[in-house]
Amino acid sequence: MDPVSAFDEPLKKLLGGATAKVMAEHLDLHTVGDLLHHYPRRYEERGRLTALTELPLDEHVTVVAQVADARIMMFNNGRGKRLEVTLTDGSGRLQLVFFGHGVHKPHKELLPGRRAMFAGKVSVFNRKMQLAHPTYQLLDARDDDAGDVTEAVDAFAGQLLPIYPACKQLDSWRIAKAVDTVLPSAQEAVDPLPPALREGRGFVPLPEALLRIHRPQTKADIAAARDRLRWDEAFVLQVALARRRYADTQLPAKARRSVTGGLLDAFDATLPFTLTEGQQKVTGEIFDALATEHPMHRLLQGEVGSGKTLVALRAMLRVVDAGGQAAMLAPTEVLAQQHHRSVTEMMGELAGKWGLWREAPPQKGGGGRGEGMPGGSDLGTKVVLLTGSMGVAARRQALLDLVTGEAGIVIGTHALIEDKVQFHDLGLVVVDEQHRFGVEQRDALRSKGKQPPHLLVMTATPIPRTVAMTVFGDLETSVLDQLPAGRSPIASHVVPAKDKPHFLSRAWERVREEVENGHQAYVVCPRIGDEDEPAGKKTKKAAEEDGDKRPPLAVLEIAEQLAKGPLAGLRVEVLHGRMPADDKDDVMRRFAAGQADVLVATTVIEVGVNVPNATAMVIMDADRFGVSQLHQLRGRVGRGSAPGLCLLVSEAHEASPARARLSAVAATLDGFELSRIDLEQRREGDVLGQAQSGVRSSLRVLSVIDDEEVIAAAREEAVRVVADDPGLERLPELRTALDALLDKDREEYLDKG
């Protein structure tokens, strides 16, 4: 049989239609290769009893235990009967129950002293844990006396039973039997590793690794197999990313080199502060990449308030000086408008000093054109805003400015990638908060240039190195982790509203005090309040942690309560994502201008919003937000000369994991430390994200969270291999593995970035 077709063989041919259908529908296993890569989750030592004291309620489990007692019970005046079986492992007990005709076979087989593997859903009846109608498999073939049973079990001691990720419709041992059927095909496995690499690192061959992972004789077999398979996953993925990076270096791009005496020099001369070392280092990396004749693809990750927008603007001015255009793409209209204001304000400083600025009056109709233009000299360029809610006339003028090159800088939303939007010479695309955008959107924007434009991706969410090397692995990475000297400290405190309600009263007093001192405040809620379904981030599990079943607090409700109660007399405004764009913009303008004291909002203010006079933030139901999200929200205060205050209000119990998360956020302002805490509490799939379904489905042994050394080493080897043989012409087996990874369902994740 051909080696490729052996792994591509449909399971239906070998296992029959019924089993194959269940595997396809419930485990996403379709071929022999899929099943061989469905590795055991853990292993039981045959004869060793599984602890019954830690069984999770309402979950489907597999246990290995011994029958302590079995008896038939009659009910309904003898018309009905049930079999009750008690299992033990020496430390705890578990009851099994069988009804009706289903009692006959287990009644004969499940005799006291018998050991077996049982699978079922854990439930509670009469305050006792039980499995109702579990499926089971005896671990010995004898049914005579207890001595023979003990002897049989002891004979199996030390042998390892694979426990597979299973489902209600298909138990672990039925999967094991199916694996037995296809296991001979493991000998046909195509080994993707170059022989020199495999031998140099002391890995077992792939067929042997598959045999050891499924049918280990010793624990050393499992370790050797996992080491090999973990490396394979990391290496093939990193080769795919390295090939994409290499392909990018082969694309043509216009070098955007420095120009003396241009807009950038003029802008730098107006800065009232010195760039931090981090800003200088990152800017140097970006400028070096812009000067090359292949497109830059760089991820700029920076702490909240580290000055990413300033770095991005300097890069955009560099491109404008070199005769090109620069576009910044924001995930929401509010953020696009905020970026536009920030850029025009920063450019306004330049204009004031150099006499270059003249402000075009906003045009009526859907948000206005919102443009600024340094003019009157060779340094002139327009800064235009382009969003979906703009009026027809304003939009027509903005589009004209882009296609003629009159506008050197454009800031907008996804409206920038519409077919009608054309650029004169697009040289740089800056994408803010990349995780909010899909692959097609990014590629559509990149295709707007005469040649591929340079690409700078920004994120304010600190990304651990392992995730950066995988999820964003086709991008080079720059890290901005140093805060500017002018940034004020932010004090963070947990407010236990349920345990100590007077703490919440004090929180509102603190807000009044900040306003009385001439400052402003945010109040953040998880929900808007005009919808049927709560929009909070809290999961069912998180809700159960503190026994809280009420809906998340809502912006509209809290704003009304505050305006009539503890913040009466203050100017309270609301902001949320379902407001019309003009209304949102008006609210933000008034708040930024100091015409509102308190802004009650959803997470629409999470990124990019910059109001230096806002010094306090109260986050209601803070336990309903993720760690990184809380860090982002907190970054909206303390942006001026006055210190910031962030109060995390929660009704979660003091001993709950939810409160522990909040305490961790309150204890540090280090976003990278918080990102590590965040990752420890999340599943791998959550880290990789929905767009990374291909990565998730291909990573079975490798942990993006834990296996940093493996990923880093695999990346180095991958770079070396691709540099030596970009087309993998001399490595057909590796190319085959790559093709399997990059099938149509999985290739999208490589376009993340």
Side-chain angles (χ1 to χ4, degrees), residues 1-9 11 14 29 31-43 159-162 164 175-176 178-243 697-703 707 709-722 724-725 727-743 746:
M1 186 181 290
D2 181 74
V4 176
S5 62
F7 270 52
D8 289 340
E9 192 77 38
L11 288 173
L14 285 84
L29 304 176
T31 66
V32 169
D34 290 340
L35 183 52
L36 286 174
H37 289 301
H38 186 70
Y39 307 134
R41 180 164 44 88
R42 59 186 174 87
Y43 301 84
Q159 293 187 21
L160 297 162
L161 299 174
Y164 288 91
I175 296 174
V179 170
D180 284 337
T181 303
V182 303
L183 201 52
S185 296
Q187 298 296 339
E188 311 286 348
V190 177
D191 198 324
L193 295 193
L197 192 160
R198 185 182 71 239
E199 292 162 10
R201 291 189 172 269
F203 291 131
V204 298
L206 181 56
E208 187 177 337
L210 290 171
L211 289 172
R212 290 192 188 191
I213 196 81
H214 288 292
R215 297 297 175 263
Q217 298 301 308
T218 65
K219 291 181 180 178
D221 283 347
I222 301 172
R226 285 188 173 276
D227 285 347
R228 168 63 210 263
L229 297 169
R230 183 182 294 114
W231 177 271
D232 276 16
E233 291 178 1
F235 179 68
V236 174
L237 175 58
Q238 290 302 326
V239 167
L241 295 166
R243 290 188 77 199
S697 57
S698 67
L699 300 189
R700 297 173 177 87
V701 184
L702 184 75
S703 168
D707 294 326
E709 290 183 8
V710 175
I711 294 170
R715 180 181 170 107
E716 288 181 14
E717 291 280 11
V719 169
R720 184 184 58 76
V721 166
V722 171
D724 182 56
D725 184 6
L728 306 180
E729 302 296 334
R730 300 190 298 277
L731 299 169
E733 295 85 2
L734 177 56
R735 203 166 63 241
T736 298
L738 210 58
D739 291 341
L741 175 71
L742 300 183
D743 62 32
R746 298 178 180 177

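In this text the structure is predicted, and so the values were computed from the model without any measurement.
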- prompt: Is there a side-chain contact between Trp231 and Glu233, using heavy atoms and a 4.5 Å cut-off?
  reply: no
message: Would you say that Val182 contacts Leu11 through its side chain, given a criterion of any heavy-atom pair below 4.5 Å between the two side chains?
response: yes
field: Minimum side-chain heavy-atom gap Val721-Leu728 below 4.5 Å
entry: yes
pair Arg212-Arg226: side-chain heavy atoms closer than 4.5 Å: no
field: Closest contact, heavy atoms only, Arg228 versus Ala209
entry: CG-CB, 3.8 Å
statement: Note: Tyr43 and Pro162 closest approach over all heavy atoms is CD2-CA, 3.7 Å
- request: Locate the shortest heavy-atom distance separating Pro192 from Leu734; write the atom from each residue and the value.
  value: O-CB, 3.3 Å
task: Find out whether Phe235 and Val710 are in side-chain contact, i.e. whether some heavy atom of one side chain is under 4.5 Å from a heavy atom of the other.
output: no
- prompt: Taking C-beta and beyond as the side chain, do Val32 and Glu188 meet within less than 4.5 Å on heavy atoms?
  reply: no
message: Can you tell whether the side chains of Arg215 and Asp180 come within less than 4.0 Å, N to carboxylate O?
response: yes
- request: Measure the spacing between CZ of Phe7 and OG1 of Thr736 and express it to the nearest 0.5 Å.
  value: 12.0 Å
message: Given 3.5 Å as the limit, does a donor-acceptor pair link the side chain of Arg715 with the main chain of Leu241, or not?
response: no
Leu35 CG to Ile175 CD1 distance, which is reported to the nearest 0.5 Å: 8.0 Å
query: Closest approach of Asp227 and Arg230, non-hydrogen atoms and distance?
result: OD1-NH1, 3.2 Å
message: Once side chain to side chain donor-acceptor pair (under 3.5 Å) is applied, do any residues pair with Asp725, and if so which ones, sequence neighbours excluded?
response: none
- prompt: Do Pro40 and Ile213 have side-chain heavy atoms sitting under 4.5 Å apart?
  reply: yes
- line: Sorted by chain and residue number, the ring-ring contact (aromatic ring centres under 6.0 Å, His included) partners of His38 (sequence neighbours excluded) come out as none
- prompt: Between atom CG of Asp232 and atom CG of Leu702, what is the distance when rounded to the nearest 0.5 Å?
  reply: 10.5 Å
Aromatic ring pairing His214/Tyr164, orientation class (parallel under 30°, perpendicular over 60°, tilted between): parallel
message: Please find the pair of heavy atoms, one from Leu210 and one from Ala186, that lie closest to each other, and give the distance.
response: CB-CB, 4.0 Å
message: Measuring from atom CG of Leu211 to atom CD of Gln187, what distance do you get when rounded to the nearest 0.5 angstrom?
response: 5.0 Å
Using distance only, find each side-chain donor-acceptor pair of residues 193-207 under 3.5 Å and give its atom names and separation, not counting sequence neighbours.
unit_1: Arg198; atom_1: NH1; unit_2: Asp191; atom_2: OD2; d: 3.4
unit_1: Arg201; atom_1: NE; unit_2: Glu717; atom_2: OE2; d: 3.4
unit_1: Arg201; atom_1: NH2; unit_2: Glu717; atom_2: OE2; d: 3.4

